[in-house]
Amino acid sequence: MFRKVLIANRGEIAMRVVRACRELGIRTVAVYSEADRHALHVKFADESVCIGPPQARLSYLNIPAVISAADITRADAVHPGYGFLAENSTFAEAVNAHGMTFIGPSPEHLRQFGDKLSAKAAARAAGLPLLPGSHGAVDSLDECVEVARLIGYPLMLKAASGGGGKGMRVVEDEETLRKVFAVTSAEALAAFGSGAVFLERFLRTPRHIEVQFAGDRFGAAVHVGERDCSMQRRHQKIIEEAPAPGLAEDLRDRIRAAAARLVASTGYVTVGTCEFLVEGDEFFFLEVNPRIQVEHPVTEMVTGIDLVQLQIRLAAGEPMPFAQSEVRLRGHAIELRVNAEDPWKFTPSPGRITGYHAPGGPGIRVDSAVHEGAMVQPYYDSLVAKIIAYAPDRESAIRKLLGALDEVVVEGIRTSLPLQKLLLSDPAFSGVRFHTRYIDDWLKSRPG
Amino acid sequence: MFRKVLIANRGEIAMRVVRACRELGIRTVAVYSEADRHALHVKFADESVCIGPPQARLSYLNIPAVISAADITRADAVHPGYGFLAENSTFAEAVNAHGMTFIGPSPEHLRQFGDKLSAKAAARAAGLPLLPGSHGAVDSLDECVEVARLIGYPLMLKAASGGGGKGMRVVEDEETLRKVFAVTSAEALAAFGSGAVFLERFLRTPRHIEVQFAGDRFGAAVHVGERDCSMQRRHQKIIEEAPAPGLAEDLRDRIRAAAARLVASTGYVTVGTCEFLVEGDEFFFLEVNPRIQVEHPVTEMVTGIDLVQLQIRLAAGEPMPFAQSEVRLRGHAIELRVNAEDPWKFTPSPGRITGYHAPGGPGIRVDSAVHEGAMVQPYYDSLVAKIIAYAPDRESAIRKLLGALDEVVVEGIRTSLPLQKLLLSDPAFSGVRFHTRYIDDWLKSRPG
Amino acid sequence: MDQKDVRSLLRLMKSQGVAEFSWKQDGAEMSVKFGGYAVAPVVVAAPPVGVAAPTAPSAAPAPKAAAEGRVIRSPIVGTFYRSPSPDQAAYVSVGDKVRKGQVVCIVEAMKLMNQVESDVDGVVAEILVDNSQPVQFGQELFRLTPG
Amino acid sequence: MDQKDVRSLLRLMKSQGVAEFSWKQDGAEMSVKFGGYAVAPVVVAAPPVGVAAPTAPSAAPAPKAAAEGRVIRSPIVGTFYRSPSPDQAAYVSVGDKVRKGQVVCIVEAMKLMNQVESDVDGVVAEILVDNSQPVQFGQELFRLTPG
């Protein structure tokens, strides 16, 4: 096992790694920018090194500075957290080249899953279903109609060279396809210099379901249950839960098994997540997140497995400490991300926290790196704290979380909590009638 | 189920009941003394009633005031918490007489277990082992020697009319007994006007082990695992854990079964605790606590059962929601009581909390009723917060708790934490070499 | 106000558990906030005295009770009744003279009717609770003016 | 109110747990907000303005940097070396004159030797880190006096 781990991150995830190491008896080194001199992760790590000025590019993203900090403190492993350098294969290589262990997958796996095409290829090879599409540009109406018959309707027609949602059309049937092909192609030609289009199956109300998985160096590959992260605002997850509610057991089993199959077939080591879109009784591979995720606590609550400790153990070369059959889910957990932002305009709200009180009691977990008097920096992401509620069933977990929201106090900055409180009380949430576009639609339909 | 519960208590247990009711969809009424106007339990209950001046005798112990508060708010049940009126059979009767439900056992059970003799009689009837003793006054040396042969050595010789430890002698063998009988008897005569003495088996290093149990109105009687509360200072528990470490499985099973037998044989309804002294492979009935206890969270953490919700459900007449075979313990939990007191002199330290930060992260639970700016009142007990750590095993739980102690901030008052921090790091604690007199001995042996 | 004044004021506020304080006079103003978090201030802004000394205030504020009238509070939790029984007249009404020791209402607690006596002399200026409404310990029932 | 008064007031407020304080008088004003929990106070006591001062404070304190001498800080994390290699002489020693742009030491990071140049002229008054010790970003390496 490692003797000393350098944590190449800040905020709540740095605190999370400090806590995991403390329990494993591993010493910790915090790195920090000048803006984070008084941050909690610095206070609670055993050692700390200032690595640069406030701008992330010059500090937390500064590979030579992080490696040097590990060098001078003689750390034998580096935990990258999430974000920053967590999925940077160059960084992982540099860590390894300096004789230290990168607590995450190999640089090769980072590259494989960092590239959309090679990630999809790996998924297809492992027999995971992909969203049906033309897999390339189509430039005649006839070919388009033919491909569409294979994909099925509704489908999405978009400029092959386009991006950012421009020139996209949802097409309900063949008749419409025939009507809109010409105009879409012409628009594409005008906008991007090529009239070629691309077809893909369109999911009206997909849910975002992701499976936590883990692999060891000896070929063990397990899933640790799934999470539902469909409650997203502009592709940002703001409410996450485990297990995914209202899923047919047969579908749930297939999704979990698919993720485990991908780990086994790629030889992935440490923990990661396989994301899927789910609609009806179908599911489609989206991508792999080769790191610990923000929402990992909900899985920890329902399985009793400490995923960060597991990640560290697997990186250190230990074998998987449990078999698939020993992974048992109990109860239900929901997490809220408390972001420092205007709850309606979504503009960041950095500043000093003048009042802070964390909720408590049974089944309430708070992962945060703030306190009364802490400064929420404008330089980094706006995640201030995560509040997780655990109860025997989903309904109780929702009630518990609503109670916790009454107790929490964050003064001096604005937070996303008022929005989340409304969403938690929304019958569509309790009734599991939501999908990845639900919050954006709901916000549009709100008066004012 | 109840519509509205009045909580006849204050502090963290009142908050605990608020949280349990919130999750069950029950409205709550807080009562408070003039000193507690700004207390959290008042803030978070749905309604509140001021019932008297700061002195507990005139407010929280004032039965007419509490009943009237329940009357005017049309509560249909009263939760007494612990302490105050929790074990007062007159109060329970008054609650029932006013057409409300007392959330606890019947007045008859409160009386039965409130009286040492009838409690022991009930235990004996259920076949529970009692500490061997003379069961009455002995006044001749010959009789004394004869009784002592039945009890076994070492034993405790004390004045039958005495109290408070006066005139007590530990006797190692018959020869010593013959020597000290006369002087003990003479002392007893001088001090209490009667030379009769009483003999009881003396336990040198007993552990305090208690079993959480529950019963319903239909005769179900289960145990919910045991706790070890041997870490006591002057009979005050300050560290509690579940399950009891280092107990032979066979002994553990016998102790648990004994408690369940007592519930079954007495027809006890709601939750309670049966306390035992344990030494070697023997255990002896001590008493029954017919209420929810301060240390109930450690049992909740290892079983996943919300004991306060269970207590409310059982009081409302619901059947036991699980069978004995479904009670499964997982992991290990340790609780610290954070008392507002000088950690070495044990003098109370009331006052305003000028800085407060609760520890967080996975497996950490905080039950408290304080916050930055809160006033710790001099009128009531000194319990400020409870910090509970849960981990897969005892060693990890100790590490986690030590980490949490680094994170916690309580400024403006003194707390018991420095003492508890030392004790947690003591090899006798990690090695389970402690007993009910351990802390007092340890304190005496400390330099200074 | 000089520094000594500010200092003694701060100490005073602290001892009184003030959470926030603000003050303004002749272009001078002051505001203080103690302790953080959600503590409703317990206090009780004593109204400044009439004369309003230009630079140096001084005179102690007049006792609040005298300025606002005396108050009879409920000594117990229960239900407030203005008369001994529904068909009888109220013990007292606005404008009535009341003497110390006189029964002014009943508070029912645990089915017991508890007579509440005035602890001062005065004239009933206001009745603050409606008949048969619940009252808390210490809740204001009557306001009296010195009679 | 002069600076000494402000100072003692601040100390008082801190000891009393004041969270925010603002004060204004005769065109003078003051506002303070304390940070709670473990945070070095960021304050910022704006010196009172000249005219108003009844007791008259006066001279602003001399800029700290000038009084204490100039400082050369490490621009990167790494290991500090006073000479290009173990068998060579140190770049600079106490008493040496240093010109802006002159190399004063090396900081090794990721096996690369990074030369650190002085950004001021001066005389080396103190060398604050021992040879081959680790240094952090922004850590003080040399103190210079104006030469």
Side-chain angles (χ1 to χ4, degrees), chain B residues 6 8 29-40 42-44 47-55 58-60 62-75 90-91 93-95 97-100 351-358 370-375 377 409 411-412, chain C residues 10-21 31-45 64-65 71-82 86 105-116 119 128-142:
Chain B
L6 180 131
V29 180
V31 296
Y32 62 97
S33 76
E34 289 181 316
D36 279 339
R37 196 169 292 276
H38 303 294
L40 279 193
V42 178
K43 185 176 157 69
F44 287 117
E47 296 171 54
S48 63
V49 180
C50 181
I51 53 165
Q55 301 92 308
L58 302 174
S59 49
Y60 297 108
N62 181 344
I63 295 181
V66 174
I67 299 281
S68 292
D71 262 355
I72 65 171
T73 53
R74 300 172 194 281
T90 307
F91 177 63
E93 266 163 355
V95 169
H98 280 75
M100 297 177 290
R352 189 170 299 280
I353 294 180
T354 55
Y356 179 76
H357 186 77
V370 297
H371 53 83
E372 186 152 328
M375 194 71 199
Q377 301 294 346
V409 175
E411 288 171 347
Chain C
L10 280 174
R11 264 192 222 101
L12 180 69
M13 284 183 253
K14 178 70 182 180
S15 73
Q16 302 294 22
V18 167
E20 287 183 53
F21 174 78
S31 94
V32 181
K33 195 169 165 185
F34 283 80
Y37 189 76
V39 183
V42 189
V43 179
V44 178
K64 192 185 169 198
V71 157
I72 302 174
R73 293 167 184 277
S74 178
I76 52 170
V77 181
T79 304
F80 171 81
Y81 293 108
R82 288 187 54 198
C105 65
I106 276 176
V107 175
E108 179 195 348
M110 294 187 72
K111 319 278 181 224
L112 282 178
M113 299 297 177
N114 302 279
Q115 294 184 329
V116 177
D119 54 354
L128 300 158
V129 178
D130 288 340
N131 193 52
S132 79
Q133 287 305 297
V135 291
Q136 310 208 347
F137 172 84
Q139 186 171 341
E140 300 186 353
L141 304 175
F142 300 92

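The chains referred to below are lettered A, B, ... by the order of the sequence lines, with proteins before strands, and numbering in each begins at 1. Keep in mind it's a predicted model, so treat the numbers as computed, not measured.
Your options are B:N62, B:V49, B:T73, and the one with the most heavy-atom pairs under 4.5 Å with chain C is B:V49. When the candidates C:P75, C:G78, C:S74, C:G138 are compared by the number of heavy-atom contacts under 4.5 Å with chain B, C:G78 comes out ahead.
Here the closest heavy-atom approach between residue C:V135 and residue B:I72 is recorded as O-CD1, 3.7 Å. Taking each heavy atom of C:M110 and B:A94 in turn, the nearest pair found is CE-CB, 4.3 Å.
Side-chain contact between B:P53 and C:F137 is present, with at least one heavy-atom pair separated by less than 4.5 Å.
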